[in-house]
2 protein chains.
Amino acid sequence: MLPSETKAMKERIIDVAQGFVQTRGFNAFSYRDLAEQILIRTASIHYYFPKKDDLGLALIQRYCADFEGAIRNIDDAERSPKNRLSAYLKMFLDLSKGGARLCLFAVFSAELPTLSERIQDEVRIFYETNIDWLNDVVSEGRSAGFFSFSGESRDVASAIFSFLEGEMLVRRVFPAEAHSPEIPPAIRLLLSWKG
Amino acid sequence: MLPSETKAMKERIIDVAQGFVQTRGFNAFSYRDLAEQILIRTASIHYYFPKKDDLGLALIQRYCADFEGAIRNIDDAERSPKNRLSAYLKMFLDLSKGGARLCLFAVFSAELPTLSERIQDEVRIFYETNIDWLNDVVSEGRSAGFFSFSGESRDVASAIFSFLEGEMLVRRVFPAEAHSPEIPPAIRLLLSWKG
DNA sequence: ACCAGTCTATCTGCGCATCGATAGGTTGTC
DNA sequence: GACAACCTATCGATGCGCAGATAGACTGGT
């Protein structure tokens, strides 16, 4: 087979694994679960990811890379801090559309002590990427007069991120109330967002 | 052994199990882990909790009851909405002291689809207990002029709870930054909390 | 004698992981 | 351009240990 097909299979395994992680957690799916879904044998998955930890690492690394790409796209498409933040919120909350899936940060944080150091490091990187970006948007937005709040912009950035992660957990428990507004009230309160 | 000792053993099993759940998740500990810690055999644990699900249910039911007791204590000890909220926040954030342990809500939400209906129902009850109480405190605090915010008090209550759950996930990933203020900046922003 | 509580022994099934085999593509070299 | 040597991707079989769970025997208090 061609190398391109190899890559496709690797990606396919990660795709399915990511679905399992986001719905059930990293410790609650097996190579057998993956194999059944993909219609191959578990031994074939071991060929690409010798240890489950290798799969976990590949998973979160791709997730981080995708996320970085997504926020770079936002920066390219939108100039206003308000629109950039809106786009970010939409992306984040769409992730948990209907409460089916969680952000990997939430899942891996819940299981953190059972995960390898390499994966824990990636979780930290994901957080920092998000906070740095939010900090930019929030402080730019304040300078431009879109938002007003007291204190450090980094505290606001951190609050937004924590809120979003917690909100995903809540939405999963109450999937019915999925018809929520574009901008959660909490965000308006945190930023004194007008309009 | 005396019935009182029976009860003691049951509680002891729940104690140890709760520790495991809060640190590693419900799917990442076994009856063997419990048995080793408690210095009994796994069969003895099955005597009290025939299925792991029975243990999980007992666990969260006790947790909910404890929590309800704790907020009733707060209401008895404090009259000012400000002090009541402070006490609640302290209780909540002390729970994750150093990031070692998570609130059961966060853990069970992360693993939700792998849990039984009975446990999922308890998770919902826990959420509603908290939101109802926070709603009371927040709306009383607004009437009394301690807090000021626009919109529904229930949205603020919900935002506080989501923030706290998310904040616990974040703190677990960054245990170093444990020297945080009594009232998180996010809460001050949400409520326009003065003083 | 009874009963609660604990034990030992054991079951079945699944967890991750490895091995060796095989079918087919790729490459090198004469 | 043919053949050997190698590489890629997959497989079946299997190992070892742990998972939750149960049956049945022991023990000590009343």
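Residue numbers begin at 1 in each chain, while the letters A, B, ... track the order of the sequences. This one's a predicted model, so the numbers in the text were calculated from it and none came from an experiment.
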Pair A:Asp15, A:Arg62 - check salt bridge (Lys or Arg N to Asp or Glu O under 4.0 Å), show working. CA-CA 10 Å; A:Asp15 287 343; A:Arg62 195 188 73 171; 2.9 Å; yes
Distance below 4.0 Å between B:Tyr47 side-chain N/O and C:dC7 OP1 or OP2: no
Does D:dT22 have OP1 or OP2 under 4.0 Å away from a side-chain N or O of B:Lys51? yes
Give a yes or no on whether a salt bridge exists between A:Asp121 and A:Arg124, defined as a side-chain N under 4.0 angstrom from a carboxylate O. yes
Does A:Arg84 use its side chain to pair, donor to acceptor, with the backbone of A:Ile74 at less than 3.5 Å? no
Ring pair (Phe, Tyr, Trp, His ring centres under 6.0 Å) partners for A:Phe29, two or more places apart: A:Phe20, A:Phe26
Without decimals, in angstroms, what is the distance between B:Tyr48 OH and C:dT6 C1'? 8 Å
Sequence neighbours excluded, which residues qualify as salt bridge (Lys or Arg N to Asp or Glu O under 4.0 Å) partners of A:Asp76? none
Residues which pass salt bridge (Lys or Arg N to Asp or Glu O under 4.0 Å) with A:Glu111, listed by chain and number, not counting sequence neighbours: none
Tell me, which of residues 20-38 of chain B have any heavy atom that sits under 4.0 Å from an atom in DNA chain D? B:Phe29, B:Ser30, B:Tyr31, B:Arg32
Does the side chain of B:Tyr88 come under 3.5 Å of the side chain of B:Asn130 through a donor N or O and an acceptor N or O? yes
Give each protein N/O atom lying under 3.5 Å from an N/O atom of nucleotides 11-15 of chain D, with the pair distance.
{"residue": "D:dC11", "atom": "OP2", "partner": "A:Arg41", "partner atom": "N", "Å": "2.8"}
{"residue": "D:dC11", "atom": "OP2", "partner": "A:Ser44", "partner atom": "OG", "Å": "2.6"}
{"residue": "D:dG12", "atom": "OP2", "partner": "A:Arg41", "partner atom": "NE", "Å": "3.1"}

Looking at B:Arg188 and A:Asp155, is there a salt bridge between them, counting it only when a charged N and a carboxylate O are closer than 4.0 Å? no
For residues 113-121 of chain B, which residues have at least one heavy atom under 4.0 Å from DNA chain C? none
Regarding the side chain of B:His46, the nearest nucleotide among C:dA4, C:dA17, D:dA21 is D:dA21
Is there a donor-acceptor pair under 3.5 Å between the side chain of B:Arg142 and the backbone N or O of B:Phe149? yes
Look at the side chain of A:Glu140 and the backbone N and O of A:Pro81, then say whether any donor-acceptor pair between them is shorter than 3.5 Å. no
